[in-house]
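Below you'll find the structure, written out as structure tokens, and then a few comments.
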Amino acid sequence: MEVDDEIIKPKENEQDNRKPIVVILIGAPGSGKSVFCDNVMRVSTRPWVRVCQDTIGNGKSGTKAQCLALASTSLKDGKSIFIDRCNLTIEQRADFIKLKESYQVDIHAVVLDLPAKLCISRSVKRTGHEGNLQGGKAAAVVNQMLRKKELPKLNEGFTRITFCQTENDVQEAVNTYGALSSSDILPFGVFGEKKTDTKVQLGIMKFLKRVDAPSKVTSDKTISEPSNHHVDERQEQSGTQPLDGVPTLAFPSISTADFQFDTEKASDIIVETVEEFVHKIGNGRLVLVDISHGSKILSLVKSKAVVKNIDPTKFFTFVGDLTKLRSGGGLHCNVIANAANWRLKPGGGGVNAAIFDAAGPDLETATKKRAGSLSPGKAVTIPLPSTSPLFSKQGVTHVIHVLGPNMNPKRPNCLNDDYTTGCKILREAYSSLFENFASIVRTQEKSSDCEASNCDDEKTKKLKGFIEVNESNNSNKDWGTWAQVLYKIAMHPEKHRNGVVEILDDVVVLNDVYPKAQRHILVIARAEGLDRLADVSRKHLPILRTMHDVGVKWARTFLKENQSLVFRLGYHSSPSMRQLHLHVISQDFDSKHLRNKKHWNSFNSPFFRDSVDVIQQVSEEGRLTLNDDQKFMSMELRCNRCRSAHPNIPRLKSHIAICKSPFPAKLLQNDRLLQNAANKDDNV
DNA sequence: GTTCTAGAAC
DNA sequence: GTTCTAGAAC
């Protein structure tokens with residue numbers, strides 16, 4: 001990490017532009033966070049403020065809220081800040097990352113991921129530490145904290161992440177930040193050991209399960225070299241499922257080769273369309289593939305994806321041959337896209353020729369059966385017969401032909417530089433491609449749900465999931481009968497009087513059959529096709545507001561009956577029951593029906609989306625970000641008031657029955673909680 | 001021995 | 001979503 005190469009110096013006329021940054025330090029006690037800050041601040045010409053939770057209360061330890069307040073005032077003054085607290089979990093970091101929106105600043109992470117032993121020995125030896133973590137107890141605390149460690153990812157909102165595993169790494173990071181003047185900025189991305197260009201590769205490495213920690217990322221080459229084939233061996237043994245069982249679409253850049261589409265414009269369209277679809281492909285992933293190392297389109301897309309914070313495990317770029325991804329690159333993609341010609345015929349060179357070649361006559365026959373031609377902007381899915389070498393050797397089960405716009409005057413239907421039409425068609429092409437892929441993913445999910453009961457043979461099971469494509473994506477088939485109850489009530493509330501407390505034109509209000517708290521009702525939308533948050537777009541704002549208002553009205557009614565209740569309104573990010581429903585739930589969680597971790601975490605983790613935040617995000621961004629929600633279900637059990645952790649549900653329940661701590665600051669903001677005024681004072 | 005979780009079945 | 005239950009954790 002050569003410092004001089006790294007820093008981006010501003011242009012002459014920007015010299016005065018101060019660009020404050022927020023650097024969130026991440027590390028256990030004893031990892032050297034405070035020393036890091038001191039060392040940077042000692043040499044830096046940039047104004048820094050160290051926000052240290054251990055000392056913020058007049059030299060004594062303080063609260064996260066105090067840290068946030070100091071962070072805000074410092075940023076307002078144009079000062080850069082270090083957030084000097086452990087910040088080991090996503091949740092602990094989240095509020096500081098939000099400073100990004102409020103102050104338009106870059107958020108960096110510096111991870112002091114030093115050996116636990118070292119942290120412990122430093123903590124144990126420490127006598128005058130500001131956090132007062134001394135003696136033998138330190139070992140237990142450090143171990144406990146490290147167990148909960150969640151390494152940061154760009155999609156949390158970081159613009160730059162630096163991992164340090166050794167003291168040398170730490171010194172390099174000190175040098176980098178120490179040399180940063182007020183107006184310098186550092187490149188975005190993830191920076192691991194020695195090399196700087198690991199941001200996308202990290203995604204790949206994780207995908208391939210090659211690394212747990214970034215320490216092993218030492219090459220800045222994309223994984224296509226023969227030296228990186230370890231994964232393949234494991235793959236060969238495990239049959240035709242993609243690694244992790246994760247459906248993956250590999251696709252070439254459409255129209256930028258033979259059709260001569262402008263790469264700059266094309267890269268924008270790719271990244272924008274990916275951004276839109278990455279939430280609609282379930283657990284699937286998208287990989288842009290190009291055969292050449294110096295590919296311009298790949299590097300453009302790579303950097304734009306980083307800027308847009310697209311989850312690098314859901315989308316990344318890959319250098320390799322589309323027809324040899326598994327055998328030649330160790331990357332198993334069960335679906336590949338073909339940049340087809342309008343006749344859907346082999347030949348013509350490029351990707352099209354290569355794919356038809358590699359797939360053998362089976363693909364041509366299967367294609368013919370399905371379609372005779374293709375219009376620009378359209379895509380068609382061809383299930384690949386298992387006799388095709390692409391299937392047997394590469395594990396490809398579907399080829400999606402897609403046709404993009406043509407800007408090459410020597411090819412049919414040239415658009416003569418009409419980029420208005422061209423961009424529109426290219427966008428359609430990618431949308432159609434990703435939609436086809438999403439449909440395959442849905443089908444696979446469905447068949448893996450139902451296959452177990454009627455099929456014993458392991459291999460046949462796997463093939464079944466991949467081969468049988470059901471083009472229809474009728475959503476109600478995705479839900480079991482038990483999951484349709486709310487939908488039925490919403491459509492015919494008069495037939496289900498049990499539990500229904502109010503029927504309006506747009507919503508039905510229902511007492512939850514298995515309430516998880518003293519008061520727990522559901523406000524169900526009556527709109528058809530609005531199954532869950534994933535279906536919500538800007539056009540649903542009126543119904544979201546109606547649901548919220550009705551929820552608030554009921555909460556107020558309950559508050560009149562019982563002054564001590566506190567209500568929270570929100571949605572489950574991926575609910576078990578069909579039909580969008582708003583939970584209005586009192587925060588006592590005093591209920592015999594609250595029995596397991598999932599119950600608790602579905603109301604007390606980021607899985608629970610506050611109604612106010614849902615409305616805000618949809619009105620600002622037109623849709624919601626929903627990814628990787630299930631991980632919250634297995635989170636440790638923490639008190640919703642004091643955030644203390646508990647080993648199991650019974651212990652948690654006995655704690656929450658007596659905990660009188662105020663609610664966390666975040667919940668007290670923005671009307672996320674509804675309570676009587678008298679209560680409010682106690683809870684602040 | 002009892003308590004608790006987690007996965008399958010519905 | 002719940003119920004049931006094997007077996008892990010205590």
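Chain naming here is simple, since letters A, B, ... match the order of the sequence lines and numbering starts at 1 in each. Please read these numbers as outputs of a predicted model, since none were measured by experiment.
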Give the table of side-chain donor-acceptor pairs shorter than 3.5 Å for residues 616-623 of chain A, with sequence neighbours excluded, one pair per line with atom names and distance.
from: A:Gln616; atom 1: NE2; to: A:Glu620; atom 2: OE2; distance (Å): 3.2
from: A:Gln617; atom 1: NE2; to: A:Glu621; atom 2: OE1; distance (Å): 3.2
from: A:Gln617; atom 1: NE2; to: A:Thr625; atom 2: OG1; distance (Å): 3.1
from: A:Ser619; atom 1: OG; to: A:Ile615; atom 2: O; distance (Å): 3.1
from: A:Ser619; atom 1: OG; to: A:Gln616; atom 2: O; distance (Å): 3.0
from: A:Arg623; atom 1: NH1; to: A:His279; atom 2: NE2; distance (Å): 3.2

Would you please test A:Val274 and A:Phe434 for side-chain contact (heavy atoms from CB on, under 4.5 Å) and show each step?
CA-CA 8 Å; A:Val274 164; A:Phe434 297 152; 3.8 Å; yes

Taking any heavy-atom pair under 4.0 Å as a contact, classify A:His599: base, sugar-phosphate, or nothing.
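A:His599: backbone/sugar contact only, no base atoms under 4.0 Å.
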
Atom [atom1] of [X] and atom [atom2] of [N]: how far apart are they, to the nearest Å?
X	N	atom1	atom2	value
A:His646	B:dT3	NE2	P	21 Å
A:Leu594	C:dT2	CG	C1'	13 Å
A:Asp512	C:dT2	CG	P	8 Å
A:Met577	B:dC10	CE	C1'	13 Å

Suppose we call two aromatic rings close when their centres sit under 6.0 Å apart. Are A:Phe558 and A:Phe567 close by that rule?
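So the answer is yes for these two rings.
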
Taking the six-membered ring for Trp and the single ring otherwise, decide whether the centroids of A:His520 and A:Phe603 are under 6.0 Å apart.
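Yes, the ring centres sit under 6.0 Å apart.
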
Identify the pairs formed between an N or O of the protein and an N or O of nucleotides 4-6 of chain B at a distance under 3.5 Å, and give each distance.
from: B:dT5; atom 1: OP1; to: A:Ile649; atom 2: N; distance (Å): 3.1

Once you measure the plane-to-plane angle for A:Phe607 and A:His572, does it fall in the parallel (<30°), tilted (30-60°) or perpendicular (>60°) bin?
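Judged by the thresholds at 30° and 60°, the geometry between A:Phe607 and A:His572 is tilted.
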
More than 12 heavy atoms of other residues, nucleotides or ligands under 6.0 Å from NZ of A:Lys598: is that the case?
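It does not: A:Lys598 NZ has 12 such atoms or fewer within range.
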
Under 5.5 Å and under 30°: A:Trp482 stacked on C:dG1
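Taking the rule of under 5.5 Å and under 30°, the ring of A:Trp482 does stack on C:dG1.
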
